[in-house]
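See structure below.
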Amino acid sequence: MEKLFKSLNNQSKGVVLKKFNQKKQIVKELYFNGPKPNSSLSNKINLSTPKINSLLIELIEDGLVVDIGQGNSSGGRRPNIYSLVNKGFYVVGISLGVQKTSISVFNSNNEDVTGPKYFPVKIKSDFGIFTEINNCLNKILNSFGIDRRKIIVGGIEMPGLVNSEKGHNLTYFKDHTNLQEELTSLFEFPVFFENDAKLRTFTEQHYGLAKGKENALMVYIDWGVGLGMLINGQLHIGNSGYAGEFGHLPIVDNGILCKCGKHGCLETIASGTAIARLAKEGIKAGSPSLLKDIVEKDIERIDTSMVIQAANDGDQFAISILSDVAYWLGKGMAHLIQIFNPRLIIIGGVVADAKKFMIAPIQQAIHTYSNHDISNDTEIKFSKLGAKAGVLGASSYALEKL
């Protein structure tokens, strides 16, 4: 990618910028959608075929694009297919969460060449955690023989009130008014970050169930409950970047105290944290469950994945928890359906593996609390991207921002 900058240095500023942007569009299209003939690139980017050919020749000379041979033809001459050079550059994806951090490094063909690597780094109001993450990244790069100088950008997903345009996280790094600039300085390559729910929505838009959808919502359930919104094909961030705090919708009368200071937030009854809490409370109250054996009677070890595991093993107590949580989640989603009238709602995060226990009570609550004429037009699906969604979305988001 450095060659792409250098190759344009001796031309006038206007020509440089125009050609550079055209090349970026080609690189972006090949990165997100794989190898393409020049005719497909021409149609997608809205440039003439001769212009695309000229830019491809320059990108080949820049060491970023390669001609991988001829493809199939529907008639006439078989077209040449172009791809990004496999090790032309690298992109880093980082998922920073409440429990752990995962890191992946993607090559220029958007292939995860390291696999997600997990580290016990948890988000907290201490910039020092990013030094830890940078050290973890160095270990990965050394292990896989990747030259750090070939990393062109990195992306980070994180919880909290994130304003990506101003480059800060109000929840965890309030005193860092330009967190993005500090991260870029630390990592020594451009860094972009976004709220986890919004970033997961971006991932679904490019690689998952929301691909090709103009109006879709993503309910992301981890330790809390977040919401990402695609409106007319665009990721909606709100006036200050804080749109999507779905988990703090007050929905439970006389509910327990939420960490936000309010009582009865959806997050207190329909999150990963709530699932684990309800399991612990039930077992302490005497409910029989396989969970005792799973955690070897150390009840405080119970987490959401263990409850799902017990449910899959037929544990009625675990199944009842997931069913109750799903009903509350469905009640909250009924509000979203009434307001947004979405084509699709995707449920992702830690509960994605509990679909068979949760889909029926979610739909029951939606039918109970929303207008049927509206809700009948909305599909409810569980994400299929799994654990890779965070790092994949973070890396792709960063490349698009770059």
Side-chain angles (χ1 to χ4, degrees), residues 1-6 24 27-28 31 64 87-98 100-160 162-196 198-200 202-203 241 388-402:
M1 186 63 80
E2 184 179 356
K3 293 180 181 179
L4 178 54
F5 288 90
K6 289 180 178 179
K24 283 201 299 182
V27 170
K28 177 182 171 182
Y31 183 85
L64 288 172
K87 298 180 181 180
F89 60 85
Y90 293 92
V91 181
V92 174
I94 299 169
S95 175
L96 172 57
V98 173
K100 61 182 181 296
T101 291
S102 57
I103 303 174
S104 279
V105 180
F106 295 80
N107 66 15
S108 43
N109 281 314
N110 202 9
E111 298 168 333
D112 188 345
V113 294
T114 63
K117 301 298 180 185
Y118 297 91
F119 301 92
V121 182
K122 305 175 183 180
I123 193 167
K124 57 184 176 180
S125 299
D126 177 6
F127 187 81
I129 62 172
F130 294 110
T131 299
E132 293 182 56
I133 292 172
N134 192 35
N135 292 336
C136 295
L137 174 61
N138 280 330
K139 291 179 182 178
I140 294 173
L141 298 177
N142 291 335
S143 177
F144 286 86
I146 297 172
D147 186 348
R148 190 184 183 97
R149 293 171 297 180
K150 297 187 77 173
I151 297 174
I152 62 167
V153 72
I156 304 176
E157 73 158 5
M158 60 179 75
V162 172
N163 186 321
S164 56
E165 292 183 357
K166 292 185 177 180
H168 65 238
N169 184 322
L170 189 63
T171 304
Y172 291 98
F173 306 101
K174 189 174 183 177
D175 295 332
H176 296 260
T177 55
N178 199 331
L179 181 62
Q180 182 179 338
E181 189 175 285
E182 293 182 66
L183 291 173
T184 295
S185 176
L186 172 66
F187 284 91
E188 298 181 313
F189 51 73
V191 174
F192 299 92
F193 60 88
E194 184 53 275
N195 166 268
D196 46 14
K198 293 184 183 68
L199 204 145
R200 295 294 175 113
F202 175 91
T203 314
K388 67 180 181 180
V391 291
L392 175 62
S395 62
S396 298
Y397 174 81
L399 186 70
E400 181 167 277
K401 295 290 284 186
L402 182 71

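One finds the CZ atom of Phe119 at 10.0 Å from the CG atom of Asn135 (value rounded to the nearest 0.5 Å). Atom-to-atom distance recorded for Phe173:CZ and Asn178:CG is 14.0 Å, nearest 0.5 angstrom. Rounding to the nearest 0.5 Å places CG of Leu392 at 10.0 Å from CZ of Arg200. Rounding to the nearest 0.5 Å gives a distance of 10.0 Å between CG of Leu179 and CG of Leu186. Taking CD1 of Ile133 as the start and CG of Leu96 as the end, the distance is 4.5 Å to the nearest 0.5 Å. Interatomic distance, CD of Glu188 versus CG of Asn134, reported as 7.5 Å (0.5 Å rounding).
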Under 3.5 Å, sequence neighbours excluded: what are the donor-acceptor pairs made by side chains of residues 123-132?
{"unit_1": "Ser125", "atom_1": "OG", "unit_2": "Tyr172", "atom_2": "O", "d": "2.9"}
{"unit_1": "Asp126", "atom_1": "OD1", "unit_2": "Gly128", "atom_2": "N", "d": "2.9"}

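The closest side-chain heavy-atom distance from Lys166 to Thr177 is not below 4.5 Å. With a 4.5 Å cut-off on side-chain heavy atoms, Glu157 and Phe202 do not count as touching. Residues Asp147 and Tyr90 form no side-chain contact, since every pair of their non-hydrogen atoms from C-beta on lies 4.5 Å or further apart. Residues Leu183 and Phe193 form a side-chain contact, since some pair of their non-hydrogen atoms from C-beta on lies under 4.5 Å apart. Proximity of Cys136 to Ile103: side-chain heavy atoms (C-beta onward) are separated by under 4.5 Å at one or more points. The side-chain heavy atoms of Val191 and Ile156, taken from C-beta on, include a pair separated by under 4.5 Å. Side-chain contact check for Ile146 versus Ile140: every heavy-atom pair is 4.5 Å or farther apart. Contact of the Leu64 side chain with the Phe89 side chain is registered, since non-hydrogen atoms from C-beta on lie closer than 4.5 Å.
The nearest pair of heavy atoms linking Pro116 to Val391 is CG-CG2, 4.4 Å. Residues Tyr31 and Asn107 approach most closely at CE1-O, 3.5 Å, considering heavy atoms. Closest heavy-atom contact between Ser104 and Gly115: OG-C, 3.5 Å. Pro159 and Gly97 get closest at one heavy-atom pair: CD-CA, 4.5 Å. Across every non-hydrogen atom of His176 and His168, the tightest pair is O-CB, 3.6 Å. Across Phe189 and Val153, no two heavy atoms sit closer than the pair CD1-C, 3.9 Å.
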- Leu137 vs Val105, side-chain contact (heavy atoms from CB on, under 4.5 Å): CA-CA, chis, key distance, verdict: CA-CA 9 Å; Leu137 174 61; Val105 180; 4.1 Å; yes

- Under the side-chain contact (heavy atoms from CB on, under 4.5 Å) criterion, do Asn169 and Met158 qualify, and how do the steps go? CA-CA 9 Å; Asn169 184 322; Met158 60 179 75; 3.2 Å; yes

- Task: Output, in order, the C-alpha distance, side-chain angles, deciding distance and verdict of side-chain contact (heavy atoms from CB on, under 4.5 Å) for Ile151 and Leu141.
- Result: CA-CA 10 Å; Ile151 297 174; Leu141 298 177; 3.8 Å; yes

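Remark: Ser164 pairs with Glu194 by the side-chain hydrogen bond (donor to acceptor under 3.5 Å, both in side chains) rule, at least two apart or across chains.
In terms of modelled atom types and a separation under 3.5 Å, the side chain of Ser395 and the main chain of Val91 share no donor-acceptor contact. Listed for the Lys87 side chain is no donor-acceptor partner under 3.5 Å among the backbone atoms of Lys150. Proximity of a side-chain donor or acceptor of Thr184 to a complementary backbone N or O of Gln180 within less than 3.5 Å is detected.
By the neighbour-count criterion of 12 heavy atoms within 6.0 Å, atom CD of Glu165 is sparsely surrounded, having that number or fewer from other residues, nucleotides or ligands.
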